[in-house]
Amino acid sequence: MNDMLDIYIYENEQLLEKLESLFLVCEKNESFSSEQVADIFRILHTIKGSSAMMNFDNIANLSHSLEDLFDYLRENEIREEDHQQVCDYGFQALDIINAEMVKIQNNDLPDGNADSLINEIKELHTILTNRKTPSLTEVNTSISQADIPFPYEDGHCYKATIRFQNDCKMESIRALGVVKAVETLCYNIITLPKDLLEESSSNEIALNGFTLYMLSAEPKDELLNIIQKTFFIEDLEFEELDESEVSNVFNISKTVTEETNTEDATAEKETSDKVVAEKTAQKTIAADHMNTHKQSFMSVNLNKLDSLMDIVGEIVIAESTVTKNPELTKLQLESFEKTTRQLHKLTDELQDLVMSLRMVPVSGIFRKMERIVRDMSSKINKKAELIIVGEDTELDKNVLDNLADPLMHIIRNSMDHGLEPAEERISKGKNPVGEIRLEARNAGGNVTILASDDGRGLNKEKLIEKGIQKGLIKKPKSEVSDSEAYSLIFSPGFSTKTDVTEFSGRGVGMDVALENIKRMGGSVFVDSKPDEGMRVQIRIPLTLAIIDGMQVSVGDQSYIIPVLAIKQCFKPNKKDLFFDTNGNENIYIRGNCYPIVRLYKLFDIDTAITECENGILILVENESETYCIFVDNLVGEQQAVVKPIPLYISKTLGHIKSITGCTILGDGSISLIVDINGLSR
């Protein structure tokens, strides 16, 4: 059951995401296309069937009621004013099912009650049905069954009587599944009972089974094999009917007058044969495509990928321990060096492959933000559009999971604080529909996420006043920079709103976003212009597992600096050093001045190398500035398997802003990994 539950959760999460995207598109277009209705119906049908088999009856019943509604939409048109109500019910059902899925993932029972929503959906279905809106088939030219171009002489009529096992549940759904499985191979299908989804039909099917009549050009064995693949069939009777029985069932007259033009009949038959050939070809292509797809992709448990990544990390450490063993480095072993180079190459390839397996596009997280924008637009009466750029950019699965919460808070902040009401936007000459933009792009070993809006922007003066009031700013207003003022929005308990609402006013959103991003080794930079909007730039590493680093020494300690942050390493010239008016040490390089951070002072390390000309300066760059780090020596490049700071240290010292983690070196010692963003702060 655990394996089945994992499959159920995985498949339904994918289906629910797709369903939400379809509802968002349909709501935006204010219409349901036939393809979208068919996709929604198919998804709801799958969720209902799988939930029923897992005995999650409340999810199955809710899906069933919504499926009935979209079954009506497949054959009938609805008025424009009904579109929004259908979408609203769809989103409400999605929220309930998602909440139940969370319970299932937490090993709880999905015991939510959706009866009120089910009744509302049924009421809408009844209203639409009683309104007698012309069906799509009635709008088109009416074609009787006798006019169906069926080459009876070359075709067959089959009758299948099917009975399901006792207590298999959802018998009407299983019957409908049989019809869907064979309908692409048939010209016409009739079922008894006629409407399989009616409640009375469900009881009849459970007691006596159902009968299926099929007009098809396919051989008997092919249809029989498809039906036999259906689960929980207890008894199946399959037979081919003769001509008289066909006429009774389908009301087809085989009488052809002698005046019938032979050439027309021949042309008609050729056209019919062509249709049959095209359908057969389409089936073959679709089957080949499905087979290829199944052979090319498979789902893997994320825990297994985590374990695989841990093993690769240990292999990297073991390789470093062997290749940098001090007893071996003293020996000149040519074959050993050649083998270690090959081992290093294979380890790198294995590491890249495992990391690529964990990479997933940011589109899944970005698309979830569409729902937040949609819900808030209706609740706070602000029209907004979400524009997504770079949704194919990939991130490590663990990093991406931790990114959802910060993005949610940033988007909600833009909606509630940033965007103006439509009347105010019109008075400013803006589009009444606000724009929120999400963009992702690769930047070396990092991914940059940009979240921006075209709202009123941040009020610097108001932020500074609030910061002084809360004791967050200790200097005069004139000395507070833009970045310092804008960064106040990430302070705990900080909010410029006086009224507490469902979405803001408590000051507990943006600080949570910042902490989550910092925990991933990322950084945040805020920029804003009055009446042009606000932009939040997030930089996060592609992966949290293994990084390429430069090992440096300071006294008897060693540290790792990420290679991707390093621009240059050099021996400084004393004449290029100077101190600014605040007493900060700087260096002049190629026409630019850069501050110097001395690690031995920062970490209080005893070292004999304190003069700059005796040590090494490393020029590094983060998202907002460039500066130099002073160290004793460069040891060499080192692949660092990032491990968290031991719990007892973090509990004792708290969060160390200048350290992002630690790694194990080849000799078994531990080296700390420098946080380039935290070090500058």
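- Contact of the Ile97 side chain with the Asn12 side chain is not registered, since no non-hydrogen atoms from C-beta on lie closer than 4.5 Å.
- At a threshold of 4.5 Å between non-hydrogen side-chain atoms, the residues Ile40 and Leu66 do not count as touching.
- Inter-residue side-chain proximity for Arg374 and Phe23 is flagged as unmet; no heavy-atom pair is nearer than 4.5 Å.
- In this structure, the side chain of Asn113 engages the main chain of Asp115 through a donor-acceptor pair within 3.5 Å.
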> Taking it one step at a time, do Glu237 and Lys159 satisfy salt bridge (charged side-chain N to carboxylate O under 4.0 Å, His left out)?
Replying inline: CA-CA 8 Å; Glu237 297 176 7; Lys159 175 184 177 183; over 6 Å; no

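- Put simply, the side chain of Leu22 reaches to within 4.5 Å of the side chain of Ile43, judged on heavy atoms.
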> How far apart are the C-alpha atoms of Cys186 and Leu215, what are their side-chain angles, what is the distance that settles it, and do they pass the side chain to side chain contact (heavy atoms under 4.5 Å, CB included) test?
Replying inline: CA-CA 6 Å; Cys186 300; Leu215 276 177; 5.9 Å; no

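- In this structure, the side chains of Met54 and Leu5 come closer than 4.5 Å at one or more pairs of heavy atoms.
- Considering all non-hydrogen atoms of both residues, Pro219 and Tyr158 come closest at C-OH, 3.4 Å.
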> How far apart are the C-alpha atoms of Leu224 and Leu236, what are their side-chain angles, what is the distance that settles it, and do they pass the side chain to side chain contact (heavy atoms under 4.5 Å, CB included) test?
Replying inline: CA-CA 9 Å; Leu224 181 59; Leu236 169 61; 3.7 Å; yes

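- Contact record, His83 with Glu30: ND1-O, 2.8 Å, taken as the closest heavy-atom pair.
- If you take CD1 on Ile436 and CD1 on Ile388, they are separated by 11.0 Å, rounding to the nearest 0.5 Å.
- Around the NZ atom of Lys103, the shell of radius 6.0 Å holds more than 12 heavy atoms that belong to other residues, nucleotides or ligands.
- Both tests do not hold together for Arg174 against Phe164: distance to the six-membered ring centre under 6.0 Å, angle to the ring axis within 45°.
- Under the side-chain contact (heavy atoms from CB on, under 4.5 Å) test applied with Phe56, the options Asp111, Leu62, Ile104 reduce to a single match, Ile104.
- Closest of all the heavy-atom pairs between Asn58 and Gly112 is ND2-O, 3.0 Å.
- Distance check: Ser21 OG to Glu370 CD gives 6.5 Å after rounding to the nearest 0.5 Å.
- Tested against Asn29, the residues Ser33, Ser31, Cys26 include a single side-chain contact (heavy atoms from CB on, under 4.5 Å) partner, Ser31.
- Counting only distance, with no hydrogens or angles, the side chain of Ser65 and the backbone of Ile118 share no donor-acceptor pair below 3.5 Å.
- Contact between Ser50 and Tyr8 at its shortest, heavy atoms only, is OG-CE1, 3.6 Å.
- Residues Phe91 and Glu27 meet the side-chain proximity criterion, which asks for heavy atoms closer than 4.5 Å.
- How far CZ of Arg367 is from CD1 of Ile365: 13.0 Å, rounded to the nearest 0.5 Å.
- Inspection of the Asp88 and Gln84 side chains reveals an N or O donor paired with an N or O acceptor under 3.5 Å.
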> For Arg371 and Asp375, what are the C-alpha separation, side-chain angles and deciding distance, and is it a side chain to side chain contact (heavy atoms under 4.5 Å, CB included)?
Replying inline: CA-CA 6 Å; Arg371 178 67 188 283; Asp375 289 349; 3.1 Å; yes

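- For the pair Leu403/Val399, no side-chain contact is recorded, criterion being any heavy-atom separation below 4.5 Å from C-beta on.
- Between Glu20 and Lys368 there is no salt bridge, since no side-chain nitrogen of the basic residue lies less than 4.0 Å from a carboxylate oxygen of the acidic one.
- Atom CD1 of Ile78 is separated from atom CD1 of Ile127 by 12.0 Å, given to the nearest 0.5 angstrom.
- The main-chain N or O of Leu212 is never found under 3.5 Å from a side-chain atom of Thr191 such that the two would form a donor-acceptor pair.
- Between Tyr89 and His125, the closest side-chain pair of non-hydrogen atoms is not below 4.5 Å.
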>> Using the rule given for salt bridge (charged side-chain N to carboxylate O under 4.0 Å, His left out), can you reason through Glu240 versus Lys220, listing the C-alpha separation, both sets of side-chain angles and the distance that settles it, and then say yes or no?
In response: CA-CA 8 Å; Glu240 184 172 353; Lys220 174 181 177 181; over 6 Å; no

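- Scanning all heavy atoms of the two residues, the minimum distance from Leu117 to Gln92 falls at CD1-OE1, 3.4 Å.
- In plain terms, the two heavy atoms of Val37 and Phe70 that are nearest each other are CG1-O, 3.6 Å.
- Here the CG atom belonging to Asn208 is positioned 14.0 Å from the CD1 atom belonging to Ile162, to the nearest 0.5 angstrom.
- The NZ atom of Lys28 sits 9.5 Å away from the CG atom of Leu24 when rounded to the nearest 0.5 Å.
- When the shell of 6.0 Å around CG of Leu109 is examined, it contains 12 or fewer heavy atoms from other residues, nucleotides or ligands.
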>> The test is side chain to side chain contact (heavy atoms under 4.5 Å, CB included); show your working for Lys397 and Asp306 and say whether it passes.
In response: CA-CA 10 Å; Lys397 180 68 168 61; Asp306 289 338; over 6 Å; no

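- For Ser51 (side chain) and Ile59 (main-chain N/O), no donor-acceptor pair under 3.5 Å exists by modelled atom type.
- For Glu349, the CD atom counts as densely surrounded, since its 6.0 Å shell holds more than 12 non-hydrogen atoms of other residues, nucleotides or ligands.
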> Hey, mind stepping through Tyr10 and Gln14 against side-chain hydrogen bond (donor to acceptor under 3.5 Å, both in side chains) and telling me if it holds?
Replying inline: CA-CA 6 Å; Tyr10 172 76; Gln14 307 299 312; 4.5 Å; no

